[in-house]
K.L.:
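Here it is, the structure, as structure tokens.
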Amino acid sequence: MVQALQKVVGWDAPSLMSALAQSFGYPALAMPQLQDLAPEFGAIAFTECQQRGVVLGSVGANRRVLVLADPFDEATEVWALQKARALPGHTEVALAHPDDLAAFLAQQEQRMRAMDGFDPLQVHAVDEEVAADISLASISGEDSAVVRLVNSTIYDALKLQASDIHLECDAGCLHVQYRIDGVLVPITQVSGQDTAEQVISRIKVMAELDIAERRVPQDGRFKVRIAGRDIDFRVSVMPNIFGEDAVLRLLDRQSLTEEAKSLRLDNLGLDGASMTTIRRLASKPHGMLLVTGPTGSGKTTTLYAAITEIHSGREKIVTIEDPVEYRLPRVLQIPVNEKKGLTFARGLRSILRHDPDKIMVGEIRDDETAQIAVQAALTGHLVFTTVHANNVFDVLGRFLHMGVDAYSFAAALNGIVAQRLLRMNCVHCSVEATVEDDALAQLGLSKDQVEGWSFKAGRGCGHCRGVGYKGRKAAAEVLVLDDTMRELIAERAPISALKAHAASAGLRPLLHTALDWVARGETTLEEVLRVTG
């Protein structure tokens with residue numbers, strides 16, 4: 001209203017605010033006077049100050065000033081005064097130009113972000129899809145206990161670098177767990193069945209799901225802004241006998257984009273032999289490089305690292321992913337949108353008409369995508385892709401089961417990488433450890449074979465949150481196809497024959513790489529057993 005009035009009368013800001021101050025009987029504050037205030041975001045939350053154009057600030061003991069940007073908005077003034085009068089002391093009302101008040105709030109936001117340990121210069125333009133701005137100030141100023149719980153859970157998960165948030169409804173309570181370094185870590189337990197249901201409903205509202213439907217699974221997405229970063233969340237809600245469970249997967253695109261600038265294979269912890277072989281496969285002019293492993297084993301990160309190393313700007317690289325994780329400069333990256341009909345198969349067909357040199361397919365999920373990817377590899381393109389399988393030999397059966405011609409698949413395939421992520425011992429609390437005979441027996445090791453190994457384990461400290469592990473590295477086995485292996489695949493030879501030839505050709509199992517880390521004291525036998533089985 002004030003800015004519209006200013007355009008009508010044609011006055012400058014000081015003249016207009018002086019006239020309004022005389023009309024309403026309130027003093028007008030300029031920017032220097034606003035900066036003398038100490039904002040009380042505990043009484044009126046920062047986000048509400050931004051939305052309503054107000055700020056409550058103290059100017060001394062038991063004396064406060066309620067600053068309004070629009071004196072014509074009587075409802076906001078009454079609402080804000082009710083908030084202010086809940087505090088002890090006297091509250092006065094003053095006016096400030098909307099531009100001055102917005103600039104003052106922006107300064108306060110940067111100050112709060114700096115106190116939270118984030119760089120205020122990293123603030124981006126607001127994305128219209130961002131659902132909410134979550135900060136310590138907004139959490140503490142939130143009236144709803146449920147919203148406060150959800151926002152603080154999200155905020156803490158990002159600070160702890162969790163990949164997923166698990167909200168599990170039990171009889172009369174809600175369990176909150178974070179997945180950190182691939183393992184679920186209990187965080188807290190909230191009592192009350194009603195509270196548990198309200199938390200799940202809040203998640204549904206944020207993800208635009210049906211809050212009335214509690215009998216079938218639902219999937220959705222939402223975004224929040226934390227300290228200037230847009231954080232994407234993929235939501236899965238599943239019914240159970242006590243209500244519903246929710247899992248939220250975090251995706252910090254800005255952080256991943258920053259990591260992508262220095263993303264290389266030698267930063268993933270791969271052993272030298274595997275890294276050299278993957279680089280050689282990624283440098284071929286055409287064919288297919290497959291990376292396999294379970295969910296969360298770093299498959300996509302490995303492909304991104306390989307693409308980053310070979311990207312020279314002289315070739316057209318196109319990716320299709322669900323979702324796009326790392327953002328790479330001068331690479332055309334296409335997000336899958338199944339609601340609009342953009343599937344992996346349809347997108348891949350269109351990519352082939354876009355004159356690409358190298359193509360990355362986020363995941364082979366169906367027969368059609370598999371067949372198109374193989375044809376692309378046979379027609380002069382280098383195809384990078386992932387597929388879910390337990391090891392390099394299961395991948396072969398997976399593609400043949402999807403109806404891909406065995407001869408074409410063998411001709412297209414350059415190599416397969418199977419990998420896992422293992423937690424490393426915390427360097428701050430790692431000490432010498434003894435190993436049980438049972439653990440050695442499960443891995444087929446004898447005491448003579450491990451003589452001279454440096455067994456270590458983390459005791460648990462503040463750096464590793466008491467778990468004894470901090471950080472992960474990728475262990476891999478790489479199968480390179482030669483003419484004999486291609487003939488065996490084309491003839492649909494049994495797996496035993498494939499394994500025998502691979503062993504004779506020098507395939508080093510993933511387990512051996514993991515045991516090398518155990519021998520050097522970088523991880524434990526228990527971790528190797530957990531990951532490799």
Side-chain angles (χ1 to χ4, degrees), residues 157 160-166 177-185 234 247 249-252 255-256 259-260 262-275 277-279 282 289-308 321 325-326 362-363 384-392 394-395 416-427 430 443 456-458 463-465 467-479 508-533:
L160 292 175
Q161 298 181 323
S163 61
D164 302 84
I165 301 172
H166 287 244
Q177 299 185 97
Y178 296 159
R179 187 176 293 280
I180 301 174
D181 286 342
V183 178
L184 284 178
V185 178
R234 286 190 290 177
V247 175
R249 168 152 289 190
L250 288 73
L251 185 60
D252 184 353
S255 175
L256 292 173
E259 291 177 12
S262 59
L263 187 61
R264 297 180 61 84
L265 290 169
D266 47 14
N267 294 334
L268 304 182
L270 292 164
D271 64 285
S274 297
M275 189 164 47
T277 306
I278 293 172
R279 281 183 173 140
L289 173 59
L290 280 168
V291 181
T292 187
T295 300
S297 60
K299 301 185 296 295
T300 304
T301 301
T302 297
L303 287 183
Y304 269 112
I307 290 173
T308 301
E321 308 165 64
E325 296 185 13
Y326 300 89
E363 183 183 345
F384 300 85
T385 189
T386 73
V387 65
H388 288 289
N390 292 325
N391 54 58
V392 293
D394 287 349
V395 170
I416 306 172
V417 180
Q419 74 176 46
R420 302 288 189 276
L421 293 179
L422 282 81
R423 294 179 296 170
M424 296 292 106
N425 290 330
C426 176
V427 297
S430 180
L443 290 167
K456 290 186 178 180
H463 295 279
C464 60
R465 303 173 308 279
V467 299
Y469 298 98
K470 180 69 173 178
R472 293 188 290 177
K473 288 185 179 180
E477 60 183 19
V478 187
L479 175 65
R508 191 165 191 264
L510 180 151
L511 177 61
H512 290 186
T513 300
L515 291 176
D516 287 345
W517 289 337
V518 175
R520 294 193 298 265
E522 295 184 47
T523 190
T524 64
L525 285 178
E526 289 75 16
E527 177 67 5
V528 173
L529 282 168
R530 183 187 71 85
V531 173
T532 67

K.L.:
May I ask you to test the I165-L250 pair for a side-chain heavy-atom distance under 4.5 Å?
P.N.:
yes
K.L.:
Roughly how far, to the nearest 0.5 Å, is the OH atom of Y469 from the CG atom of D181?
P.N.:
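These two atoms lie 11.0 Å from each other.
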K.L.:
Can you give me the closest heavy-atom contact between V392 and A418, atom names plus distance?
P.N.:
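Taking every non-hydrogen atom into account, CG1-CB, 3.7 Å.
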K.L.:
Between L525 and L515, does a side-chain contact (heavy atoms from CB on, under 4.5 Å) hold up when you go through it step by step?
P.N.:
CA-CA 8 Å; L525 285 178; L515 291 176; 3.9 Å; yes
K.L.:
Can you tell if the side chain of R530 reaches within under 4.5 Å of the side chain of T524, non-hydrogen atoms only?
P.N.:
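Answer no - side chains too far apart.
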K.L.:
Are the side chain of Q419 and the backbone N or O of V291 linked by a donor-acceptor pair below 3.5 Å?
P.N.:
no
K.L.:
Between NZ of K470 and SG of C464, what distance do you get to the nearest 0.5 Å?
P.N.:
8.0 Å
K.L.:
Decide side-chain contact (heavy atoms from CB on, under 4.5 Å) for L265 and T302; before the verdict, give the C-alpha distance in whole Å, the side-chain angles of both, and the deciding distance to 0.1 Å.
P.N.:
CA-CA 7 Å; L265 290 169; T302 297; 4.2 Å; yes
K.L.:
Quick one: salt bridge (Lys or Arg N to Asp or Glu O under 4.0 Å) partners of R420, sequence neighbours excluded?
P.N.:
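Once residues adjacent in sequence are excluded, R420 has no partner under the salt bridge (Lys or Arg N to Asp or Glu O under 4.0 Å) criterion.
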K.L.:
Using every non-hydrogen atom in the two residues, find where W517 and G269 come nearest and quote the distance to one decimal.
P.N.:
CZ2-O, 3.3 Å
K.L.:
Nearest 0.5 Å, please: how far is CG in L303 from OG1 in T308?
P.N.:
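The distance works out to 10.5 Å.
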K.L.:
Please name all residues satisfying side-chain contact (heavy atoms from CB on, under 4.5 Å) with H388, sequence neighbours left out, ordered by chain then number.
P.N.:
T295, K299, E363, R398
K.L.:
My understanding is that only residues two or more places apart in sequence, or in another chain, count here; which of them pass side chain to side chain donor-acceptor pair (under 3.5 Å) with S274?
P.N.:
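Counting only residues at least two positions away or on another chain, S274 forms a side chain to side chain donor-acceptor pair (under 3.5 Å) with D271.
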K.L.:
One pair to check against side-chain contact (heavy atoms from CB on, under 4.5 Å): M275 and R264. What are the steps and the verdict?
P.N.:
CA-CA 10 Å; M275 189 164 47; R264 297 180 61 84; over 6 Å; no
K.L.:
Who are the ring-ring contact (aromatic ring centres under 6.0 Å, His included) partners of Y304, not counting sequence neighbours?
P.N.:
Y326
K.L.:
Once side-chain contact (heavy atoms from CB on, under 4.5 Å) is applied, do any residues pair with L184, and if so which ones, sequence neighbours excluded?
P.N.:
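Testing L184 for side-chain contact (heavy atoms from CB on, under 4.5 Å), a comparison that skips the adjacent residues, returns H166, Q177, R179.
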K.L.:
Please check: side-chain N/O of T523 versus main-chain N/O of R423, any donor-acceptor pairing under 3.5 Å?
P.N.:
yes
K.L.:
I'd like to know if the side chain of T532 reaches the main chain of L511, judged simply by a donor and an acceptor atom lying under 3.5 Å from each other, with no hydrogens or angles considered.
P.N.:
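Checked: no pair found.
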K.L.:
Identify the two heavy atoms, one from D394 and one from N390, that lie closest to each other, and give their separation to 0.1 Å.
P.N.:
OD2-CB, 3.3 Å
K.L.:
Report the C-alpha separation of D516 and R508 in whole Å, then their side-chain angles, then the decisive distance to 0.1 Å, and conclude whether the side-chain contact (heavy atoms from CB on, under 4.5 Å) test is met.
P.N.:
CA-CA 12 Å; D516 287 345; R508 191 165 191 264; 2.7 Å; yes
K.L.:
Please report the shortest heavy-atom distance between N425 and S430, naming the atom on each side.
P.N.:
CB-OG, 3.9 Å
K.L.:
Could you report the tightest heavy-atom contact between L421 and G298, atom names first, then the distance?
P.N.:
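Answer, listing the atom of L421 first, then G298: CD1-N, 3.9 Å.
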K.L.:
Do the side chain of D164 and the main chain of V247 share a donor and acceptor less than 3.5 angstrom apart?
P.N.:
no
K.L.:
Provide the closest heavy-atom pair for A475 versus T513 in the form atom of the first, atom of the second, distance.
P.N.:
CB-CG2, 4.2 Å
K.L.:
Side chain to side chain donor-acceptor pair (under 3.5 Å) with E522: which residues, sequence neighbours excluded?
P.N.:
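Once residues adjacent in sequence are excluded, the partners of E522 under the side chain to side chain donor-acceptor pair (under 3.5 Å) criterion are K473, R520.
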